[in-house]
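What follows is a single structure, written as structure tokens, with notes after it.
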Amino acid sequence: MKRSKINSLLNSKEVNYSVCVKGWVRSFRNNQFIALNDGSCLATLQVVVGLDLLDEATLKQITNGAAISVEGILVASQGKGQLVEVNAQKIEILGTCDSEAYPLQLKNKPSLEYLREHAHLRFRTNVFGAIFRVRHSLAFAIHKFFNEKGFVYLNTPIITASDAEGAGEMFRVTTLPFEQTPKTDAGEINFEEDFFGRSTNLTVSGQLEAELGAMALGEVYTFGPTFRAENSNTTRHLAEFWMIEPEVAFNTLTDNMDLAEDCIQYLINYVLEHNMDDINFLAQRLEEEEKQKPTQERSEFGLIEKLRLVVDNKFERITYTEAIEILIQSPAYKKKKFKYDVSWGIDMQSEHERYLVEKHFKKPVIVTDYPKDIKAFYMRQNEDGKTVAAMDILAPGIGEIVGGSQREERYDKLKQRMQEMHISEEELYWYLDTRKFGTAPHAGFGLGFERMVLFVTGMGNIRDVIPFPRTPKNASF
RNA sequence: UCCUCCUUAGCUCAGUUGGUUAGAGCACAUGACUGUUAAUCAUGGGGUCUCAGGUUCAAGUCCUGAAGGGGGAGCCA
């Protein structure tokens with residue numbers, strides 16, 4: 001018999017027909033009721049085991065975590081907790097699970113930290129099942145969003161010879177031996193003998209390559225892994241993370257903001273439409289977690305309220321200069337609550353961004369037109385000579401979720417800025433070429449995928465929204 | 001990388017001013033129970049108190065160091 005998925009059976013309009021289900025036992029009550037989960041949804045299906053169906057030995061093998069196959073009749077449930085259930089006619093143990101050795105005893109509410117150390121099994125918990133179904137939906141919605149807008153999905157290289165934008169420390173890619181590394185006459189490592197004949201790294205961003213695509217295909221986006229070898233130990237950083245980077249020819253900074261805002265709202269709407277069971281569960285989890293905190297530190301809004309707020313309101317748009325002004329006029333500044341001083345020209349600290357988003361505006365904020373000296377070389381210089389056409393989207397609880405800009409399309413200005421910031425023109429000749437041959441205004445941004453998942457799931461640690469997190473000193477699994 | 005906190009049973013945690021044999025709930029095992037819903041009830045096994053030093057008559061408890069982890073900061077997405 002063909003296997004049915006549990007989510008489809010739970011939503012079945014009809015009953016009293018034969019079904020086959022397979023999954024993992026979540027609990028076995030009263031030697032009679034199996035709660036079965038197959039990952040297709042949060043809920044479990046109740047399988048009812050008749051008195052004489054199984055021999056003693058098989059019955060003993062129905063333990064938490066065991067994989068089983070069930071054939072039976074889908075019927076209306078006599079019990080209160082569920083509408084339908086399966087009266088088993090045949091149960092086959094596919095894989096036993098030694099209860100004593102199994103690390104997940106779900107009734108014990110194992111901590112997120114404990115589950116992180118058992119990341120190979122944590123998918124079997126309600127929380128991580130929900131997170132990764134939501135993560136999937138977000139990934140799918142990203143492709144759907146850009147596809148509907150006529151974008152081309154462009155794959156940029158993971159191994160690269162360029163340092164893109166100096167976005168961060170890079171992981172080196174090499175086949176050279178660690179012992180007796182070939183040296184040049186000058187005593188330096190001779191990369192000519194390396195696999196690519198030059199020094200290579202894992203990419204920190206596909207943006208520069210995406211720009212090349214945009215200057216011909218018009219509208220492109222990347223969605224792939226990126227790597228940063230920064231020794232960052234926070235709840236918001238990973239050494240390996242996924243990034244979405246749209247790049248659009250002829251777009252201005254305002255177009256860019258519209259696209260980013262549209263994109264974020266689309267993604268959240270998609271999840272609210274398709275993953276409400278999981279979101280409700282995650283909202284409940286967050287609420288319980290919040291209850292543990294002192295009243296003052298609790299969030300004003302629940303997860304669903306927070307998501308609705310983002311979907312239903314326009315993002316606040318202010319310039320960097322206005323943001324600094326708001327901070328200086330703020331009660332927090334006047335009461336000297338900020339650890340770091342505020343003045344025009346500073347790179348805003350987390351505490352400043354949090355104040356703007358969480359205290360002042362209470363919704364996502366887009367900050368534009370940053371001082372050129374704190375931003376990358378490729379951002380378009382404004383007429384004032386002091387700022388660039390940059391934009392960061394700051395989200396409550398996450399901080400920067402999007403960073404983008406209108407790119408400098410003017411050859412002379414770009415070249416001058418590269419010289420000032422000591423960026424090699426030789427290495428980036430191909431990037432400069434786009435400004436030489438039919439240059440055009442264009443803009444793009446980077447959206448941190450895990451930060452988006454973090455925001456939507458209401459989780460607190462980025463290590464819990466990627467299946468196998470890569471962080472300093474940790475590359476298990 | 002810096003600051004700070006934590007590490008006691010399989011899990012989540014108690015453990016008082018240093019003082020007998022280190023506790024609880026859950027999990028697990030055995031048995032009972034056949035409409036349970038975190039099932040319930042009875043019984044039972046389970047500890048190198050993270051590691052290495054030190055102080056002391058005596059250390060889970062105090063001191064030093066290391067490792068691992070949490071939170072915050074910086075860097076950023």
Side-chain angles (χ1 to χ4, degrees), chain A residues 26-35 43-53 56 59-60 63-65 75 77-82 85 87 97-118 125-126 165-169 204-207 225-245 260 292-293 297 339-340 347-354 374-376 392-395 398-404 445-455 460-464 466 471-474 476:
Chain A
R26 282 289 174 82
S27 78
F28 186 31
R29 289 183 289 268
N30 210 11
N31 266 359
Q32 195 181 8
F33 302 102
I34 301 170
T44 53
L45 175 71
Q46 175 152 288
V47 175
V48 185
V49 185
L51 251 180
D52 302 319
L53 184 69
E56 191 72 9
L59 210 58
K60 286 257 183 257
T63 57
N64 287 354
V75 297
S77 178
Q78 297 171 35
K80 279 178 188 159
Q82 57 284 316
E85 63 193 15
N87 277 336
C97 184
D98 179 353
S99 295
E100 202 163 8
Y102 190 44
L104 298 186
Q105 299 302 341
L106 301 179
K107 242 174 97 178
N108 284 337
K109 294 185 184 163
S111 64
L112 293 171
E113 291 80 23
Y114 174 80
L115 291 171
R116 216 172 284 152
E117 286 170 20
H118 297 80
T125 64
N126 280 338
E165 41 175 316
E169 289 294 313
V204 293
S205 162
Q207 182 202 314
T226 46
F227 307 86
R228 308 261 167 108
E230 300 286 350
N231 189 11
S232 296
N233 294 287
T234 79
T235 54
R236 304 180 306 282
H237 289 87
L238 291 163
E240 176 181 306
F241 65 101
W242 287 62
M243 193 153 55
I244 299 102
E245 296 181 287
Q292 308 295 317
K293 293 184 187 168
E297 287 173 30
K339 199 173 153 200
Y340 294 88
D347 204 351
M348 277 190 279
Q349 305 293 318
S350 291
E351 57 175 356
H352 304 138
E353 297 182 346
R354 291 186 76 117
I374 58 171
K375 289 290 178 183
D392 283 1
I393 300 185
L394 311 176
I398 312 279
E400 188 179 342
I401 193 164
V402 164
F445 62 85
L447 168 64
F449 185 53
E450 281 76 18
R451 288 193 181 171
M452 188 69 203
V453 183
L454 204 56
F455 183 75
N461 193 317
I462 202 161
R463 289 160 207 183
D464 294 331
I466 186 167
T471 52
K473 301 272 186 289
N474 184 5
S476 302

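So that the names make sense, note that chain A is the first sequence line, chain B the second, and so on, each numbered from 1.
Across all strands shown, A/Q32 has heavy atoms under 4.0 Å from base atoms, whether or not it also approaches the sugar-phosphate. Residue contacts shown for A/V49 are absent, as no nucleic acid heavy atom lies under 4.0 Å away. Residue-level contact check: A/I401 touches the backbone only, with heavy atoms under 4.0 Å from sugar-phosphate atoms and none from bases. Within the 4.0 angstrom heavy-atom criterion, no nucleotide atom of any strand lies near A/F227. The residue A/F241 sits close to a base: some heavy atom pair falls under 4.0 Å. Residue contacts shown for A/D347 are limited to sugar-phosphate atoms, with no base heavy atom under 4.0 Å away.
Taking atom C1' in both B/rU48 and B/rU43, the straight-line distance is 29 Å, to the nearest Å. Taking atom P on both B/rG19 and B/rG65, the two are 25 Å apart, rounded to the nearest angstrom. Look at the C1' atom in both B/rG18 and B/rU56: the space between them is 9 Å, to the nearest Å. Distance noted for atom C1' between B/rG15 and B/rG60: 8 Å (whole Å). A gap of 14 Å separates the P atoms of B/rA66 and B/rU4, to the nearest Å. Taking atom C1' in both B/rU16 and B/rU30, the straight-line distance is 38 Å, to the nearest Å. When the C1' atom is compared between B/rU20 and B/rA58, the two are found 11 Å apart, to the nearest whole Å. Look at the C1' atom in both B/rG23 and B/rU8: the space between them is 10 Å, to the nearest Å.
Side-chain N/O atoms of A/S232 and base N/O atoms of B/rC75 include a donor-acceptor pair closer than 3.5 Å. In this model, a side-chain donor or acceptor of A/E85 finds a partner on the base of B/rG35 within 3.5 Å.
The CD1 atom of A/I462 sits 17 Å away from the P atom of B/rC75 (whole-angstrom rounding). A/Y102 places its OH atom 18 Å from the P atom of B/rG10, with the value rounded to the nearest Å. Here B/rU4 presents its P atom at 16 Å from CG of A/N233, a figure rounded to the nearest Å. Rounded to a whole Å, the CZ atom of A/R236 is 15 Å from the C1' atom of B/rG70. For the pair A/D52 CG and B/rU34 P, the computed distance is 13 Å after rounding to whole Å. Here B/rU1 presents its P atom at 16 Å from NE2 of A/H237, a figure rounded to the nearest Å. In this structure, OH of A/Y114 is placed 10 Å from C1' of B/rA27, rounded to the nearest angstrom. Rounded to whole Å, the distance from CD on A/Q207 to P on B/rC76 is 14 Å.
Ionic pairing of A/D392 and A/K375 is present here: one or more N-O contacts between side-chain nitrogen and carboxylate oxygen are shorter than 4.0 angstrom.
At the phosphate of B/rG74, OP1 or OP2 sits under 4.0 Å from a side-chain N or O atom of A/S350. Residue A/R116 places at least one side-chain N or O closer than 4.0 Å to OP1 or OP2 of B/rG70. In this structure, A/K339 does not reach the B/rC2 phosphate: none of its side-chain N or O atoms is under 4.0 Å from OP1 or OP2. For the OP1/OP2 pair of B/rG71 and a distance below 4.0 Å, the side-chain nitrogens and oxygens of A/T235 include no atom meeting the criterion. The side chain of A/S111 contributes an N or O atom lying less than 4.0 Å from OP1 or OP2 of B/rU12. OP1 or OP2 of B/rG74 sits under 4.0 Å from a side-chain N or O of A/Q349. Side-chain nitrogen and oxygen atoms of A/N461 include at least one within less than 4.0 Å of the OP1 or OP2 phosphate oxygen of B/rG71. Contact annotation: A/R463 reaches the phosphate of B/rG70 (side-chain N/O to OP1 or OP2, under 4.0 Å).
Between the A/S232 side chain and the A/T234 main chain, no donor and acceptor come within less than 3.5 Å of each other. When atom types are taken as modelled, the side chain of A/E230 and the backbone of A/E169 share a donor-acceptor pair closer than 3.5 angstrom. Of the possible polar contacts, none joining the A/H237 side chain to the A/N231 backbone as a donor-acceptor pair under 3.5 Å is found.
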Let's go through A/R463 and A/N474 carefully: what are the C-alpha distance in whole Å and the side-chain angles of both, what is the deciding distance for side-chain hydrogen bond (donor to acceptor under 3.5 Å, both in side chains) to 0.1 Å, and is it a yes or a no?
CA-CA 11 Å; A/R463 289 160 207 183; A/N474 184 5; over 6 Å; no
Kindly indicate, with the supporting measurements, whether the criterion side-chain hydrogen bond (donor to acceptor under 3.5 Å, both in side chains) is fulfilled by A/S205 and A/E245.
CA-CA 8 Å; A/S205 162; A/E245 296 181 287; 2.8 Å; yes
Worked verdict on A/R29 versus A/S27 for side-chain hydrogen bond (donor to acceptor under 3.5 Å, both in side chains):
CA-CA 6 Å; A/R29 289 183 289 268; A/S27 78; 3.2 Å; yes
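Here the side chains of A/K339 and A/S350 are not in contact, with every heavy-atom distance at 4.5 Å or above.
For the atom pair CE (A/M243) and CD (A/E450), the distance works out to 10.5 Å, reported to the nearest 0.5 Å. The line from CD of A/Q349 to CG of A/D347 is 7.0 Å long, rounded to the nearest 0.5 Å. Put simply, CH2 on A/W242 and OG1 on A/T226 are 9.5 Å apart, with the number rounded to the nearest 0.5 Å. A distance of 11.5 Å separates OG1 in A/T63 from CD in A/E100, rounded to the nearest 0.5 Å.
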Note, RNA chain B 5' to 3' with Watson-Crick or G-U pairs under 3.5 Å encoded as ( ), [ ], | and . gives (((((((..((((.....[...)))).(((((.......))))).....(((((..]....))))))))))))....
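Between A/L59 and A/S99, the residue anchored closer to the 5' end of RNA chain B is A/S99, taking for each the nucleotide with the nearest heavy atom. Both A/N231 and A/P110 lie near RNA chain B, and the one whose nearest nucleotide falls closer to the 5' end is A/N231.
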How does each nucleotide of nucleotides 37-52 of chain B score, in 5' to 3' order, for protein heavy atoms under 4.0 Å: base (B), sugar-phosphate only (S), or none (-)?
BSBS------------
